[in-house]
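When a ligand or atom number is given, it counts from 1 through the structure's own listing order. What's counted below: heavy atoms across the whole structure, side chains too, no hydrogens, waters or symmetry copies.
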Amino acid sequence: MPQAFVVGLTGGIGSGKSAAADMFADLGAALVDTDRIAHALTGPGGAAMTAIRAAFGNGVLTEDGALNRAAMRALAFESHDARKRLEGILHPMIRQESERQCLAASAPYVILAVPLLIESGTYRERVQRLCVVDCPEAMQVVRVMQRSGLEESQVRAIMAAQASRAERLAAADDILDNGGTLDALREQVSGLHRHYLALAATAKGL
Ligand code: ADP
């Protein structure tokens with residue numbers, strides 16, 4: 001169990017998690033981002049690449065030794081077993097590294113950003129507080145299409161594989177409504193930041 005006061009931050013794809021996480025970090029929270037950790041693990045020379053190469057061969061590697069995401073996605077899409085094997089390699093490494101970063105953090109509290117936090121029992125056990133970034137589904141679709149160039153049906157398929165909006169809201173201690181402007185989001189983040197500073201101070205007996 002990490003010593004730091006850890007706030008889990010989650011939300012559906014395109015809800016604005018990364019935007020909110022960066023705002024918390026700007027205010028002085030430590031940011032531990034499992035997406036970023038996964039990218040580092042699977043980048044050139046990343047700590048997961050030896051095991052990934054052993055499991056799937058050179059076909060899922062780029063020339064510089066990083067994970068070829070398109071090739072891996074195609075393989076994982078075709079084969080449930082391949083996806084499970086990839087998760088079996090990556091998930092424990094992500095968990096371990098995120099825990100290490102939480103423990104090493106010296107900020108008053110940690111924002112642990114996990115896209116699939118609601119779906120994963122282990123992360124829920126590790127956070128003292130759960131903050132959900134929320135916006136209407138139609139807005140998620142537009143934001144992701146603009147960001148990634150995916151088609152609406154592809155975005156909807158990703159959303160269908162995630163927890164529903166209602167499930168996320170039901171699990172939340174705090175909700176950031178990101179149905180408005182980024183300035184409106186920043187204002188809410190600022191209010192929650194003050195709240196988390198107070199909660200963290202109480203938890204540490206300060
Ligand atoms: P997530 O990390 O949840 O997938 P992001 O924070 O990356 O979502 O946001 C998805 C996209 O929508 C990004 O391009 C981001 O800049 C944009 N975005 C997020 N919130 C807003 C907002 N309130 N107004 C306009 N664009 C936004």
Atom 9 (O) of ligand 1 [closest protein heavy-atom partner, distance rounded to 0.1 Å]: Gly16 CA, 3.8 Å
Backbone of Gln96 reached by a side-chain donor or acceptor of Glu99 within 3.5 Å: no
Enumerated ligand 1 atoms positioned under 4.0 Å from heavy atoms of Asn178: 19 (C), 20 (N), 21 (C), 22 (C), 23 (N)
Rounded distance [0.5 Å steps], CZ in Arg124 versus OG1 in Thr10: 10.0 Å
Atom indices of ligand 1 within 4.0 angstrom of Ala19 heavy atoms, with elements: 6 (O)
Heavy-atom donor-acceptor pair, Gln146 side chain to Arg143 backbone, under 3.5 Å: no
contact_flag Gly14 ligand 1 heavy-atom lt 4.0 Å: yes
Is_contact(atom 7 (O) of ligand 1), protein non-hydrogen, under 4.0 Å: yes
Atom indices of ligand 1, in the order listed, that fall short of 4.0 Å to a heavy atom of Gly180: 22 (C), 23 (N), 24 (N)
Side-chain touch Ser15/Asn178, heavy atoms, less than 4.5 angstrom: no
Subset of ligand 1 atoms that lie under 4.0 Å from at least one heavy atom of Gly12: 3 (O)
Option set Arg186, Gln146, Lys17, Arg143, criterion heavy-atom distance to atom 25 (C) of ligand 1, minimum: Arg143
Atom 21 (C) of ligand 1 protein-contacted (non-hydrogen atom, under 4.0 angstrom): yes
Any Leu9 side-chain heavy atom under 4.5 Å of Leu112 side chain: no
Proximity of Val133 to ligand 1 by residue part, where a heavy atom lies under 4.0 Å: neither
Note, Leu130 side chain near Ile118 side chain (heavy atom, < 4.5 Å): yes
For Leu182, atoms of ligand 1 separated by under 4.0 Å from a heavy atom: 20 (N), 21 (C), 22 (C), 23 (N), 24 (N)
Side chain to side chain, Ile175 and Arg168, heavy atoms closer than 4.5 Å: no
contact_flag Leu185 ligand 1 heavy-atom lt 4.0 Å: no
Nearest protein heavy atom with distance in Å, relative to atom 10 (C) of ligand 1: Arg147 NH1, 3.7 Å
Check: Thr42 and Ile52 side chains under 4.5 Å, non-hydrogen atoms: yes
Backbone of Asp177 reached by a side-chain donor or acceptor of Gln188 within 3.5 Å: yes
For atom 2 (O) of ligand 1, closest protein heavy-atom neighbour: Ser18 OG, 2.7 Å
